[in-house]
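Heavy-atom basis, side chains included; hydrogens, waters and symmetry copies ignored.
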Number of protein chains: 2
Amino acid sequence: MSAATVSNALSGKGRVSAEMVEKIRATAAELGYVPSQAGRALRTGRTGVIGLVLPDIANPLFPQIAQAIELAASSSGYGVLIADSRGDVSTQTKAIERLIDRDVDGLVIVPRRGTRVADVGCPVAVIDTPSTPGNTVAADHWGGGQQIAEHLKALGHRRVLIIGNNPASNVQNDRAGGIRSVFGQGLHTDTLWIEPLEKVSGKGCPLGLAGKVAEGYTAFACISDLHALRALTELQRAGINVPEKASVTGFDDLIWSPVITPALTTARMDMTEIAAIAVAALVKAIRERDPFDPEIGAPVTAEKSKVPMHLVVRQSAAAPPALQPVHTTATAATSVTEGGHQS
Amino acid sequence: MSAATVSNALSGKGRVSAEMVEKIRATAAELGYVPSQAGRALRTGRTGVIGLVLPDIANPLFPQIAQAIELAASSSGYGVLIADSRGDVSTQTKAIERLIDRDVDGLVIVPRRGTRVADVGCPVAVIDTPSTPGNTVAADHWGGGQQIAEHLKALGHRRVLIIGNNPASNVQNDRAGGIRSVFGQGLHTDTLWIEPLEKVSGKGCPLGLAGKVAEGYTAFACISDLHALRALTELQRAGINVPEKASVTGFDDLIWSPVITPALTTARMDMTEIAAIAVAALVKAIRERDPFDPEIGAPVTAEKSKVPMHLVVRQSAAAPPALQPVHTTATAATSVTEGGHQS
DNA sequence: ATCGCATGATTAATCGTTTAATCATGCGAT
DNA sequence: ATCGCATGATTAAACGATTAATCATGCGAT
């Protein structure tokens, strides 16, 4: 039989009789035939590969993102080519170029701190923050901040310290903004940015949280679980028990959050859904596009661009000391309400 | 000019005059010409892409591995396609098949817990443990264990508890074995495997380390920083200060290790070198192979298959209580000898 | 002057798939 | 009986690079 008929049969495109299709299917399966991607790519201009560009692979959030994107892509029949920006903007540009040179059909970009994505010659899905122009889809970081803040407020906290890394990040800003929006009226918040502090005091320096507790802060709302971990260990080390004497919350539900003591109360993104939406929008754009036309275009858009975050209540946040029954400050609160790690 | 001449000029293969090469180089650069991977792949049978297969992308070690492999591959001109096994062996097989169907030139596989890699139709580099048959290159986990143990022994520890996840893992076994080999003569070690424990007590359950301290254990040598973190927070929570009353060590120097309090003493792999060796061996095998011959073969071998680990001394391990000057048990030991995170 | 040969550039075939265009066949309608 | 048409399969061209084979040219040697 002819190659054309085989192609038509397997793709279901041309006019092929039912029995022919069946026969071809059978023989193909028997011979273990798989169409060559190279030949197809050459003819159609589509490689079936999308590129994943991340600000910094070393970021602990990367596993979640990569896993979700890989799953979404592979179930749409796409492969995922990774590129590392190593935190550097020029490297990011280089990495994108390398991916383009490899003829990726599209890109998923998690931009570094509000980097505007330069116009590339293929569809692009951007995962940043709903408030960023050009964003395709992202978690509702602001809303997540609100949830954390509502939780702390309901527990009775009135003075909370927000701990972040760098205010230049859209994501971090949104999270902090969400928290402040809840504590705005009369209650007190202040913000500690770690990166500027480390510029002065060196990497991994103490954050001076014991002093903050002395100043009357009862809760530390960290912008990431990484900071929460740092805060939590520093407090425990200083003899300030969490959550009896001070509460700590995080963001992202990173891998260690459920297994430390006390387990972290945190807000997590629904990466699976975000990835699914991003990839779906990207694939749609790829399908509609003429692969040989190197048009430059704005990032693709999705119907749903804001995915709610989920509050995960564990043990690291409780009522502030003044409101606690006296005996609980002595009791080791090792009861577990939410144990496992959501995946 | 003809396409053939261009091809010869850019690849430096055929007979082309020097001035012609120069002219072609110039025009190519001017036009922004990049040879189509698809056309090349079709003709040569090589895609310039290698697949990276990981046991579980969610593993916190993944960023280090992926970053190192991506760097090594891209500096050899290769792209990296990722595949996630999601911890499942059959998914791992599926993932490998998908990569093969995408015509990868080779694979880097970090096998899940001693999975023997099934014969695939392309060169494979395996990163597991030096003691595993078929291993291409890996960190000297046993030696790393010895370094950790020597350090603890020198500090004066005589009873250490090894904390691991699952004895079925070659890596974990080697690390634990290295530790035991040092403490073998007369000194005491015992091993706590978390996964079996969690089967009974539930995920994220307490490890009962306070009890172990009461039994006389003065140090907890964890097989991974993730376990070390769990141990450290559990101890601190129970009022057992680290490192004054108990020492904790880890493995891998994960992202949080330098920023927690006390910062973790740990042993890290030289992933950059491991990745460089693995990719170099793989690329060599790819170059030597006839791309159209679907021969099945054993994993590729490298000259150097065992890369030493590096001991990173921070604050989480110190002399056991009995040997400490009395006042230090009261003093908060926040002095910093090694602060930053090595990348 | 002619041949041989080295050098440099071009031609043509090939990789495997897709897709438009073409060809063959059979059936119903006039 | 013949034409038209629908159906099903085949042919041919094209994607873009590589590479063996071929062609053109000039120079030194006989």
Side-chain angles (χ1 to χ4, degrees), chain A residues 1-49 77-79 98 100-105 121-122 286-294, chain B residues 1-29 31-49 77-79 98 100-105 121-122 286-295:
Chain A
M1 62 198 100
S2 81
T5 311
V6 173
S7 174
N8 283 330
L10 295 185
S11 68
K13 276 198 165 173
R15 293 180 300 200
V16 194
S17 65
E19 65 252 61
M20 197 73 198
V21 170
E22 192 41 49
K23 201 167 68 180
I24 289 176
R25 279 251 163 71
T27 8
E30 189 186 356
L31 300 180
Y33 166 82
V34 276
S36 145
Q37 293 286 338
R40 172 176 301 168
L42 185 55
R43 178 63 224 250
T44 63
R46 312 205 138 103
T47 54
V49 172
Y78 281 80
R98 274 210 313 276
I100 299 286
D101 289 353
R102 287 200 178 284
D103 301 324
V104 295
D105 291 341
C122 72
I286 291 172
R287 296 241 166 85
E288 288 169 355
R289 167 186 135 98
D290 170 11
F292 299 104
D293 165 25
Chain B
M1 61 198 101
S2 82
T5 311
V6 173
S7 173
N8 282 329
L10 295 186
S11 67
K13 278 200 163 171
R15 293 180 300 201
V16 194
S17 65
E19 64 251 60
M20 197 71 197
V21 169
E22 192 41 50
K23 202 167 68 180
I24 289 175
R25 279 252 164 70
T27 7
L31 299 180
Y33 166 82
V34 276
S36 147
Q37 294 287 340
R40 171 175 303 168
L42 185 56
R43 180 62 224 251
T44 64
R46 312 203 138 101
T47 53
V49 172
Y78 281 79
R98 274 210 314 276
I100 300 287
D101 289 353
R102 287 199 177 286
D103 302 325
V104 294
D105 291 341
C122 72
I286 291 172
R287 295 239 167 87
E288 287 168 356
R289 167 186 135 97
D290 171 9
F292 298 104
D293 165 25
E295 107 264 0

- Dot-bracket encoding of pairs in DNA chain D, which uses [ ] for pseudoknotted crossings and | for another strand, Watson-Crick or G-U under 3.5 angstrom: ||||||||||||||||||||||||||||||
Rounded distance in Å - [atom1] ([X]) to [atom2] ([N]):
X       : N       : atom1 : atom2 : answer
L42(B)  : dT17(C) : CG    : P     : 9 Å
D101(A) : dG16(D) : CG    : P     : 15 Å
R46(B)  : dC15(C) : CZ    : P     : 17 Å
R40(B)  : dA17(D) : CZ    : P     : 8 Å
K13(B)  : dT19(D) : NZ    : P     : 4 Å
F292(A) : dG16(D) : CZ    : C1'   : 10 Å

Sequence neighbours excluded and cut-off under 3.5 Å, please list the side-chain donor-acceptor pairs for residues 14-27 of chain A, or say none.
| from | atom 1 | to | atom 2 | distance (Å) |
| --- | --- | --- | --- | --- |
| S17(A) | OG | M20(A) | N | 3.3 |
| T27(A) | OG1 | K23(A) | O | 2.5 |
| T27(A) | OG1 | I24(A) | O | 3.3 |

- Query: Considering heavy-atom distances to DNA chain D, does T44(B) or N8(A) have its closest nucleotide positioned more toward the 5' end?
  - Reply: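 Result of the comparison: N8(A).
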For nucleotides 6-9 of chain C, print each protein N/O atom paired with a nucleotide N/O atom at under 3.5 Å, atom names and distance only.
| from | atom 1 | to | atom 2 | distance (Å) |
| --- | --- | --- | --- | --- |
| dG8(C) | N7 | R15(B) | NE | 3.2 |
| dG8(C) | N7 | R15(B) | NH2 | 3.4 |
| dG8(C) | O6 | R15(B) | NH2 | 2.9 |
| dA9(C) | OP1 | S17(B) | OG | 2.8 |
| dA9(C) | OP2 | S17(B) | N | 2.7 |
| dA9(C) | OP2 | S17(B) | OG | 3.2 |

- Separation between OG1 of T5(B) and CG of L10(B), rounded to the nearest 0.5 Å: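 If I round to the nearest 0.5 Å, the distance is 10.5 Å.
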- Query: What is the nucleic acid contact for A4(A), judged by heavy atoms within less than 4.0 Å: base, sugar-phosphate only, or nothing?
  - Reply: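 Counting heavy atoms under 4.0 Å across all strands, the contact made by A4(A) includes a base.
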